[in-house]
Engineer: 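Dropping a structure here in structure tokens format, bear with me for questions.
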Amino acid sequence: MTASELWSKAWPILFALLFFGVIIMIHECGHFACAKLFKVKVNEFSLGMGPALFKRKKGDTLYAVRLFPIGGYVAMEGEDDASEDDRAFNKKPVWQKMIIVVAGALMNLILGFILMVLLLTTSTDLIGTNTIKEFYPDAVSSQYGLQAGDRFVEIDGHHVWSELDLSFLMSRSQDGVFDFVVERDGEKVTLNDVHFATEQQNGITLIQYDFIIIGEQPGFLNIVKNAFTQSASIVRMVWLSVFDLVTGRYGMSELAGPVGTVDIIADVTAQAVSSGSLTNLLTIMAFITINVGVANLLPLPALDGGRFLFLAVEAVRRKPVNPKYEGYVHAAGLALLLLLMVVVTYNDIARIVHGA
């Protein structure tokens, strides 16, 4: 293999690792900035896990870059145990602690919104709406009450915020039958049991979308509006996907971890360069960034959402949960999270090897 061939394979992976590092850095900077804002002593700010490649102490804080780009952390005084330092995390009001804990995920969501703005700004396509323009010949759904000009309001009880909701919410169906609420001539109309043609592919039921939606020319206002609504749609996608995973709709083999994520970004990056279009790359980057933010807010031990749940209990009880017991819960959660990471990473590697 020549040097140019090696570089052509290596640079998309390096770009993916860099982007993954940016996601982590943005997340940890959110925690760090809010900790500094509320004068909390930060003992260490670290990007990555494992052995330190670089570290330098400035003031009270040790700054480090570590070998494995699979995470990061902001270690605050009094975060996991009691401390008598006035600048300790445990000495701060509960509302300040709540802001510090969620700040990382909020930064990821903001980055996702910015990426959606870039996507809509740079795309040469029209911005999709939730309104039907026309049907394909022999469309099945038009025989069950859908009409051109209908604007989708709800699909199976879920509100439609953006065009992303049309494909995602309809892809969750196993029989191609839906209950819709549409807006028609200024009034809401309920359409139950609307059928779509389906086909089986590798044991999966695929919906045949038989209508075309109206597109809008991009402008400042609808770019900002759609960047927000599409980001909100991705947030809901993550929550519903977690629900589907817990209820057994999807298996563990369909999860992607850091290795799989880097592989996906690398593939899409190479495709973007060869095609000259950034649409798919910006889409996957926005999706992954928002995914990381939402996943961190899940109310699970060792995640930001789990810590926020303990703080919510503290706010209600007006006194904190015993740090020792909270530490046990987070330690158990971290152990399970690492076990899940091992399983998912194994699946990622197996999928890449078999797909090679």
Side-chain angles (χ1 to χ4, degrees), residues 19 22-23 26 105-136 139 141-142 146-172 178 180-191 194 196 207 209-241 265 268-269 271-272 275-294:
F19 175 67
V22 168
I23 293 177
I26 289 291
L106 290 178
M107 287 295 290
N108 287 134
L109 296 178
I110 291 170
L111 176 60
F113 171 78
I114 292 171
L115 288 171
M116 290 303 301
V117 170
L118 288 174
L119 168 64
L120 296 173
T121 302
T122 58
S123 176
T124 57
D125 298 328
L126 298 177
I127 296 177
T129 67
N130 305 333
T131 302
I132 298 175
K133 179 182 179 181
E134 59 185 331
F135 292 89
Y136 291 111
S141 64
S142 63
L146 280 179
Q147 297 180 12
D150 285 349
R151 185 180 72 84
F152 291 99
V153 177
E154 291 182 11
I155 299 177
D156 288 339
H158 297 288
H159 195 80
V160 178
W161 297 325
S162 74
E163 70 161 317
L164 293 181
D165 291 323
L166 296 180
S167 56
F168 176 72
L169 293 176
M170 292 177 66
S171 71
R172 299 178 77 235
F178 302 90
F180 292 122
V181 175
V182 300
E183 184 179 296
R184 180 182 298 167
D185 298 326
E187 296 183 356
K188 288 185 178 180
V189 177
T190 300
L191 302 171
V194 177
F196 285 77
I207 311 299
Y209 302 100
D210 54 18
F211 56 81
I212 300 172
I213 59 175
I214 293 175
E216 296 178 337
Q217 288 290 343
F220 176 77
L221 290 179
N222 66 350
I223 283 176
V224 173
K225 174 189 172 185
N226 279 276
F228 179 80
T229 56
Q230 291 189 29
S231 296
S233 294
I234 295 173
V235 169
R236 182 168 60 185
M237 282 184 201
V238 178
W239 282 98
L240 289 177
S241 296
I265 297 174
V268 177
T269 301
Q271 292 169 12
S275 67
S277 173
L278 294 176
T279 299
N280 289 340
L281 178 60
L282 288 172
T283 299
I284 198 70
M285 288 168 67
F287 184 86
I288 291 171
T289 302
I290 294 172
N291 196 309
V292 169
V294 176

Engineer: What class does the angle between the rings of Phe211 and Phe152 fall in, given that below 30° is parallel, 30 to 60° is tilted and above 60° is perpendicular?
Structural biologist: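 Ring orientation of Phe211 relative to Phe152: tilted.
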Engineer: What I'd like to find out is whether the side chain of Arg184 reaches to under 4.5 Å of the side chain of Leu191, using heavy atoms alone.
Structural biologist: yes
Engineer: Tell me the closest heavy-atom pair linking Ile213 and Leu166, and the distance in Å.
Structural biologist: CG2-CD1, 3.8 Å
Engineer: Would you say the side chain of Ser142 lies within less than 4.5 Å of the side chain of Tyr136, judging by non-hydrogen atoms?
Structural biologist: no
Engineer: Do Asp156 and Arg172 have side chains that get closer than 4.5 Å, going by heavy atoms?
Structural biologist: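 A side-chain contact under 4.5 Å is absent here.
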Engineer: For residues His158 and Asp165, determine if any side-chain heavy atom of one lies less than 4.5 Å from a side-chain heavy atom of the other.
Structural biologist: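 Side chain of His158 against side chain of Asp165, heavy atoms only: no contact under 4.5 Å found.
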Engineer: Tell me whether Thr229 contacts the main-chain N or O of Asn226 through its side chain, where contact means a donor paired with an acceptor under 3.5 Å.
Structural biologist: yes
Engineer: Answer yes or no: is there a side-chain heavy-atom contact under 4.5 Å between Ser162 and Phe168?
Structural biologist: no
Engineer: Flag the pair Val153 / His159 as yes when at least one side-chain heavy-atom distance between them is below 4.5 Å, and no otherwise.
Structural biologist: yes
Engineer: Can you check whether Ile290's main-chain N or O pairs, donor with acceptor, with Asn108's side chain at less than 3.5 Å?
Structural biologist: no
Engineer: So do the side chains of Arg236 and Leu169 get within less than 4.5 Å of each other, counting heavy atoms only?
Structural biologist: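 Heavy-atom side-chain distance check passes, below 4.5 Å.
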Engineer: Is there a donor-acceptor contact under 3.5 Å from the side chain of Asn222 to the main chain of Gln217?
Structural biologist: yes
